[in-house]
Participant: 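Take this structure first; my questions come after.
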Amino acid sequence: MNVILVGPPGAGKGTQAERLQKTYGLKHLSTGDMLRAEVAAGSQIGRQAKAIMDRGELVPDEILIRMIGERIGQPDAAKGFLLDGFPRTVAQAQALDTMLAGRKQKLDHVIQLVVNNDAMVERISGRFSCKKCGAGYHDSFKKTKKPGVCNVCGSTEFVRRPDDKPETVRTRLEAYDKQTAPLLPYYRARGVLREVEGMAAIDEVTAKLGKVLGAA
Ligand code: AP5
């Protein structure tokens with residue numbers, strides 16, 4: 001099964017993809033995570049992408065299309081993938097269609113997490129993650145069980161993303177409305193778009209996604 005999660009910054013794509021990956025055995029592919037790994041490695045792509053990401057704008061299509069084209073062909077994605085953050089423009093969606101047709105694969109579901117953009121600034125500015133294992137948390141909505149200690153690995157060091165400042169989040173939301181929202185009619189016309197209410201609590205959203213995807 002091949003699935004895309006679409007939604008503005010903070011909609012919960014990454015949170016839900018981590019859960020669905022475990023339940024359905026799909027490979028979670030986050031282009032944001034891939035780009036941040038390139039930035040951390042100081043690669044040529046990372047050097048090109050860093051300033052653009054820090055401004056909250058979209059990295060050029062050709063970089064993302066090449067990156068995903070190489071990634072979905074790897075063995076760990078052969079049983080199905082869960083795309084989080086790609087495609088983000090109609091040009092990326094068209095390139096994905098061509099890649100999948102070339103592999104005789106198809107898209108099963110494109111799921112839109114429907115949220116209120118105004119609430120996303122609060123969600124994102126409260127987000128932090130464990131520096132050691134990457135487990136994600138939120139100041140109000142997903143706290144660590146013991147204050148200041150990662151639930152997963154016990155580390156006491158946490159990080160916040162440089163593009164999670166409120167003014168940058170607003171630029172990211174504008175980029176979503178202008179460049180990514182046109183994907184919705186694109187996929188609706190192909191009959192693969194499903195809508196899931198994303199303003200509910202995290203567990204409830206997971207349950208609703210499970211209804212769309214069917215039994216694991
Ligand atoms: P990327 O990393 O993809 O960021 P994003 O789309 O802006 O998404 P986020 O990770 O901010 O949000 P999310 O929906 O995953 O929410 P999360 O689950 O973390 O991209 C970063 C940058 O990379 C882009 O700006 C761009 O520059 C570049 N880029 C990446 N892909 C690209 C592409 N294809 N083309 C061009 N450029 C690209 O949740 C957020 C917080 O809310 C968390 O703290 C979570 O705990 C909490 N939360 C989640 N769900 C709920 C809920 N239901 N209720 C309460 N809290 C919740």
Side-chain angles (χ1 to χ4, degrees), residues 1-9 11-39 43-46 48-49 52-53 57-115 172 175-196 198 205-206 208-216:
M1 179 162 64
N2 296 318
V3 179
I4 296 175
L5 287 182
V6 187
K13 304 181 294 296
T15 302
Q16 297 299 335
E18 278 305 305
R19 292 170 163 220
L20 298 176
Q21 155 165 274
K22 289 184 194 134
T23 311
Y24 291 90
L26 304 173
K27 184 66 194 167
H28 172 200
L29 299 176
S30 155
T31 44
D33 286 349
M34 289 180 205
L35 287 168
R36 283 184 286 278
E38 297 283 350
V39 171
S43 69
Q44 196 192 347
I45 289 178
Q48 266 179 282
I52 301 171
M53 293 171 77
E57 296 167 6
L58 295 190
V59 175
D61 285 337
E62 54 274 20
I63 294 180
L64 272 298
I65 290 168
R66 198 173 348 116
M67 196 180 255
I68 277 293
E70 287 165 8
R71 191 62 190 82
I72 60 170
Q74 290 179 18
D76 61 356
K79 287 190 182 155
F81 55 73
L82 187 51
L83 286 174
D84 156 13
F86 185 96
R88 246 177 163 99
T89 62
V90 170
Q92 292 180 17
Q94 288 166 335
L96 179 65
D97 283 347
T98 306
M99 285 174 215
L100 292 178
R103 296 174 187 279
K104 302 207 177 342
Q105 289 178 315
K106 68 178 177 71
L107 274 178
D108 296 279
H109 304 285
V110 176
I111 305 179
Q112 178 194 5
L113 289 175
V114 181
V115 292
R172 287 162 59 197
Y176 177 82
D177 287 341
K178 279 193 199 136
Q179 292 167 277
T180 306
L183 290 179
L184 303 173
Y186 178 88
Y187 284 123
R188 192 174 290 118
R190 282 159 181 71
V192 289
L193 186 71
R194 325 269 178 251
E195 291 182 6
V196 165
V205 178
T206 308
K208 286 173 198 223
L209 288 166
K211 284 197 184 140
V212 171
L213 297 177

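The structure displayed is predicted, hence computed values, not measured ones. Positions are given from 1 along the sequence. All heavy atoms count here, side chains included; hydrogens, waters and symmetry mates do not.
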Participant: Counting distance only, does the side-chain N/O of Lys13 pair as donor-acceptor with the main-chain N or O of Gly85 below 3.5 Å?
Facilitator: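 No.
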Participant: Closest approach of Ala93 and Pro87, non-hydrogen atoms and distance?
Facilitator: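 Looks like N-CB, 3.5 Å.
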Participant: With a 3.5 Å cut-off and no angle check, do the side chains of Gln179 and Thr89 form a donor-acceptor pair?
Facilitator: no
Participant: Indicate the atoms forming the closest heavy-atom contact of Leu113 with Gly12, along with that distance.
Facilitator: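 Looking at all heavy atoms of both residues, the closest pair is CD1-C, 3.7 Å.
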Participant: Which residues satisfy the side chain to side chain contact (heavy atoms under 4.5 Å, CB included) test with Val115, sequence neighbours excluded?
Facilitator: Pro8, Ala11, Met120, Arg123, Met199
Participant: Do Ile111 and Tyr187 touch side chain to side chain, with heavy atoms closer than 4.5 Å?
Facilitator: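 Side chain of Ile111 against side chain of Tyr187, heavy atoms only: no contact under 4.5 Å found.
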Participant: Find out whether Phe86 and Leu96 are in side-chain contact, i.e. whether some heavy atom of one side chain is under 4.5 Å from a heavy atom of the other.
Facilitator: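 Side-chain contact under 4.5 Å: yes.
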Participant: Would you mind reporting whether Gln16 and Lys208 have side-chain heavy atoms less than 4.5 Å apart?
Facilitator: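 When only atoms from C-beta onward are counted, Gln16 and Lys208 do not touch, as no gap falls below 4.5 Å.
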Participant: Over all heavy atoms of both residues, which pair between Ile45 and Arg66 is shortest? Give the atoms and the distance, please.
Facilitator: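 That closest heavy-atom pairing would be CD1-NH1, 4.4 Å.
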Participant: Can you tell me if Asp108 uses its side chain to pair, donor with acceptor, with the backbone of Val3 under 3.5 Å?
Facilitator: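 Not confirmed, Asp108 side chain does not pair with Val3 backbone.
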Participant: Looking at Tyr186, does the NZ or CZ of Arg190 lie under 6.0 angstrom from its six-membered ring centre and within 45 degrees of the ring axis?
Facilitator: yes
Participant: So Ile72 and Leu29, do their side chains get closer than 4.5 Å, heavy atoms only?
Facilitator: yes
Participant: My understanding is that only one of Leu26, Leu82, Leu20, Leu107 makes a side-chain contact (heavy atoms from CB on, under 4.5 Å) with Met1; could you say which?
Facilitator: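 Exactly one candidate clears the test, Leu26.
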Participant: If you round to the nearest 0.5 Å, how far is CZ of Arg172 from CG of Leu58?
Facilitator: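 Nearest 0.5 Å value for the CG-CZ distance: 10.5 Å.
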Participant: Are Glu195 and Arg188 close enough, and set up right, to give a side-chain contact (heavy atoms from CB on, under 4.5 Å), and what steps lead you there?
Facilitator: CA-CA 10 Å; Glu195 291 182 6; Arg188 192 174 290 118; 3.6 Å; yes
Participant: If we only count heavy atoms from C-beta on, is the Met99 to Ile65 side-chain gap below 4.5 Å?
Facilitator: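 A side-chain contact under 4.5 Å exists here.
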Participant: Using only atom types and a distance under 3.5 Å, with no angle test, would you say the side chain of Gln92 pairs donor to acceptor with the backbone of Arg88?
Facilitator: yes
Participant: Pick one: which of Gln21, Lys22, Glu18, Arg19 meets side-chain hydrogen bond (donor to acceptor under 3.5 Å, both in side chains) with His28?
Facilitator: Glu18
Participant: Between Gln48 and Val59, is there a side-chain heavy-atom distance shorter than 4.5 Å?
Facilitator: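 Sidechains of Gln48 and Val59: no contact.
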Participant: Begin with the C-alpha distance, continue with both residues' side-chain angles, and end with the deciding distance and a verdict on side-chain contact (heavy atoms from CB on, under 4.5 Å) for Asp76 and Arg71.
Facilitator: CA-CA 9 Å; Asp76 61 356; Arg71 191 62 190 82; 2.7 Å; yes
Participant: Flag the pair Lys27 / Asn2 as yes when at least one side-chain heavy-atom distance between them is below 4.5 Å, and no otherwise.
Facilitator: no
Participant: Would you mind telling me which of Asp84, Leu83, Ile68 makes a side-chain contact (heavy atoms from CB on, under 4.5 Å) with Thr31?
Facilitator: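 Answer to the side-chain contact (heavy atoms from CB on, under 4.5 Å) test with Thr31 among Asp84, Leu83, Ile68: Ile68.
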Participant: Give a yes or no answer on whether the side chain of Tyr24 reaches the backbone of Gly214 with a donor-acceptor pair at less than 3.5 Å.
Facilitator: yes
Participant: Begin from the C-alpha positions of Leu35 and Met67 and carry the test side-chain contact (heavy atoms from CB on, under 4.5 Å) through to its verdict.
Facilitator: CA-CA 9 Å; Leu35 287 168; Met67 196 180 255; 3.7 Å; yes
